[in-house]
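Below is one structure, written out as structure tokens; the observations come after it.
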Number of protein chains: 2
Amino acid sequence: MNSTSLGGLTISAVERETGLSKDVLRVWERRYGFPAPLRTAAGERLYPEEQLAKLKLVRRLMDAGMRPGRILSMSFESLNGLVRGSDSEVSADSALDGALALLKAHRGAELRSAFHHAILHDGLFRFLTDMATPLAIRVGNAWMRGDIRIFEEHLFTEQLTATLRAAMPQDSGTGRPPRVLLTTLPGEQHGLGLLMAEATLRLEGAQSISLGPQTPVGDIAAACLANRSDVVALSFSANFPQNQLTGAVGMLRAALPAETALWCGGAGVVHARRIPDGVARMTGLQEIRNEVAAWRAARTERGAQQ
Amino acid sequence: MNSTSLGGLTISAVERETGLSKDVLRVWERRYGFPAPLRTAAGERLYPEEQLAKLKLVRRLMDAGMRPGRILSMSFESLNGLVRGSDSEVSADSALDGALALLKAHRGAELRSAFHHAILHDGLFRFLTDMATPLAIRVGNAWMRGDIRIFEEHLFTEQLTATLRAAMPQDSGTGRPPRVLLTTLPGEQHGLGLLMAEATLRLEGAQSISLGPQTPVGDIAAACLANRSDVVALSFSANFPQNQLTGAVGMLRAALPAETALWCGGAGVVHARRIPDGVARMTGLQEIRNEVAAWRAARTERGAQQ
DNA sequence: TCAAGTGATTTGTCTAGGACAAAATGAATT
DNA sequence: AATTCATTTTGTCCTAGACAAATCACTTGA
């Protein structure tokens with residue numbers, strides 16, 4: 001039952017650990033000869049730890065845009081070199097370096113204090129743009145290169161989430177328009193962008209309501225109607241499957257009333273090929289502020305005309 | 001691509017919505033004649049919404065201990081009766097009813113105020129046991145029965161999460177042992193249980209560190225070593241795939257040092273078939289308190305002997 | 001020079017039914 | 001009551017083929 005005691009992992013365990021489906025694991029074996037698991041007496045696949053490690057590297061490189069046919073035949077060491085060489089950071093920012101050092105030393109509480117201090121010192125919005133965002137990018141890159149481990153990335157996310165939720169401005173019903181409905185689509189793994197967008201909107205005095213991550217398209221539309229939202233805002237991380245993006249956003253655009261604005265933001269939307277008509281794309285938190293201002297200006301104007 | 005426009009959902013979509021694996025969906029169809037999806041021109045399964053609804057009911061009843069062979073042949077209405085009968089919500093708790101009414105009226109801010117007020121009135125622990133937990137169960141049941149929409153469940157989760165994170169006791173390095181590492185396994189969708197467990201541990205004065213949800217087994221073990229944790233605590237929602245539970249927990253138990261305790265809690269663990277040796281199962285927040293006390297007692301005793 | 005096709009290739013997911021391991025049930029025994 | 005054992009039920013894994021969707025490599029037209 002316990003896989004490590006048997007000298008390998010079952011295909012279910014590998015699916016859980018790597019996020020690669022059983023179908024993919026089997027078809028890669030058939031097509032590319034890797035992975036090449038051992039077999040139990042009953043003929044079931046048994047993956048050694050080394051193959052699991054290589055599969056995790058492959059997974060990382062594929063998230064960075066590589067294709068399995070190219071990289072599955074390479075050795076573990078070559079893949080490691082690829083991951084390391086993929087990008088380098090030369091910019092030396094002392095605050096960011098300090099935070100990264102705390103993270104690598106697993107000093108979660110101190111990391112949180114550093115965040116808190118930065119918010120008090122520079123204000124929440126500057127913290128978001130000058131510290132949280134670049135730090136998240138660095139952590140993501142470091143994870144891709146294998147410089148930090150997954151649990152360290154989790155620790156970072158958790159501390160930043162806790163900090164942001166504690167610092168989140170409460171609107172307590174006093175917010176002005178627009179009423180914004182915030183969420184992510186199903187399949188989106190990261191909720192940090194959502195929180196940062198929510199904080200920015202609240203700072204602008206907008207009435208923003210978050211549904212949290214992973215709301216199906218039909219339910220976003222239903223929530224928008226129930227909430228009488230002026231704007232629906234979606235957050236996309238770099239990992240979000242690009243193929244789903246255009247289709248799902250188009251579906252949502254069609255399901256929403258024409259007068260409801262649809263805003264998309266986050267790293268996943270920067271490199272998106274095409275965005276459907278009637279959908280705004282914003283590549284940074286500053287653009288949220290601009291868009292809120294533009295929305296208010298347009299509404300005032302129209303209100304004056306009517 | 002769009003599932004609803006095709007008049008049904010693909011097998012992947014049903015797997016995602018119900019948590020039933022593709023293999024199970026196909027073998028049920030073969031053995032019991034249900035589900036009986038339509039087919040696309042290419043011969044691929046296309047599940048109508050009604051069958052999805054029935055599958056969700058079946059899933060819920062199986063979580064309550066029923067077996068597929070018994071219930072798959074029953075009608076949607078009969079199953080609905082079973083679900084209604086199974087959970088006795090005769091208890092009319094005015095606070096819970098009030099909160100549920102606020103949720104159904106989409107008054108998120110007021111719901112949050114109600115939570116906040118309850119915490120101030122009864123204390124955080126009583127709030128968790130007497131309000132948050134039963135309310136989460138009611139919301140889950142109502143969702144399964146179709147009495148509330150998914151976005152309403154999201155709204156509930158988001159408001160409760162925000163409340164808990166704001167009310168979370170900070171340990172700021174002053175915590176006493178045990179040092180607890182909190183997370184969930186990959187595949188776990190819900191993070192509320194984790195937050196509630198974290199709050200309980202902090203109330204006990206324990207040094208608890210959360211990695212957030214969905215940490216792979218290998219990385220949990222690495223984090224445990226790096227953090228020198230005394231205890232690793234996992235949270236399982238009712239939706240967590242039962243088949244994976246035993247295997248993954250067994251793997252983790254094997255990967256952790258023998259002196260590190262492993263605690264599993266949450267609705268997903270209540271009906272678990274078997275828990276590996278050396279793993280504690282706790283079915284409520286109170287048990288966390290007991291277990292912390294027991295851990296401290298054992299440690300003092302051993303310390304005195306040595 | 002860049003945008004928009006077009007065909008070829010790559011890649012992921014689906015299908016079928018058989019096989020069997022693990023768990024639950026029920027009956028017989030201590 | 002608690003244990004054992006056989007029987008049923010149930011979930012997972014297997015193979016290998018098929019094909020849809022995404023991407024690449026290339027051409028065409030503005």
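This structure is a prediction, so every number in the text was calculated from the model and none was measured. We name chains A, B, ... by the order of the sequence lines, and we start the count at 1 in each one.
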Hey, is the side chain of A:Ser21 poking within less than 4.0 Å of OP1 or OP2 on C:dT13, counting only N and O atoms?
yes
B:Leu25 CG to C:dT15 P, straight-line distance once rounded to whole Å
10 Å
Please step through side-chain contact (heavy atoms from CB on, under 4.5 Å) for the pair B:Glu44 and B:Thr10, ending with a clear verdict.
CA-CA 8 Å; B:Glu44 299 181 347; B:Thr10 66; 5.9 Å; no
Would you say the side chain of B:Arg30 and the base of C:dA16 hold a donor-acceptor pair, judged only by whether the two atoms sit under 3.5 Å apart?
no
Would you say B:Arg45 reaches C:dA16's phosphate, i.e. side-chain N/O to OP1/OP2 under 4.0 Å?
yes
Ignoring backbone atoms, establish whether B:Lys22 has a side-chain N or O less than 4.0 Å from OP1 or OP2 of C:dT13.
no
How many Å lie between CE on B:Met66 and C1' on D:dT10, as a whole number?
17 Å
Would you please test B:Trp263 and B:Met282 for side-chain contact (heavy atoms from CB on, under 4.5 Å) and show each step?
CA-CA 7 Å; B:Trp263 298 351; B:Met282 30 203 79; 3.7 Å; yes
If you compare every side-chain N and O of B:Thr10 against the phosphate oxygens of C:dT13 (OP1, OP2), does one of them come in below 4.0 Å?
no
Atom-to-atom span, CG of A:Asp23 to P of D:dC14 - whole angstrom:
11 Å
Output the single nucleotide from C:dT11, D:dA20, D:dG11 whose closest atom is nearest the side chain of B:Arg31.
D:dG11
Can you tell me how far P of C:dT10 sits from CE of A:Met62, to the nearest Å?
15 Å
Between B:Glu188 and B:Ser237, do the side chains contain a donor N or O and an acceptor N or O under 3.5 Å apart?
yes
Between C1' of D:dC13 and CG of A:Leu46, the distance in whole Å
13 Å
Determine the sole option in A:Thr183, A:Val279, A:Leu194, A:Thr184 for which the side chain to side chain contact (heavy atoms under 4.5 Å, CB included) test with A:Leu234 is passed.
A:Thr183
If you assign each of B:Ser12 and B:Arg70 to its closest nucleotide in DNA chain C, which residue comes earlier from the 5' end?
B:Ser12
Find which nucleotide of DNA chain C each of B:Val27 and B:Ala42 is nearest to by heavy atoms, and output the residue with the more 5' nucleotide.
B:Ala42
Please pick, from D:dT10, D:dC13, C:dA21, the nucleotide with the shortest atom-to-atom distance to any side-chain atom of A:Arg26.
D:dC13
Relative to the 5' end of DNA chain D, which residue comes earlier, A:Arg67 or A:Arg39, by the nucleotide with the nearest heavy atom?
A:Arg39
At less than 4.0 Å, is any side-chain N or O atom of A:Tyr32 found next to OP1 or OP2 of C:dT10? Yes or no.
no
Looking at the side chain of B:Ile11, which of C:dT11, C:dC14, D:dC14 is the nearest nucleotide?
C:dC14
Integer-rounded Å distance: D:dT15 P and A:Glu44 CD
10 Å
Can you find a side-chain donor-acceptor pair between A:Glu287 and A:Thr283 that sits under 3.5 Å?
yes
Round to the nearest Å and state the distance from B:Leu9 atom CG to C:dC14 atom P.
12 Å
Rounding to an integer number of Å, can you tell me how far B:Glu29 CD sits from C:dT15 P?
8 Å
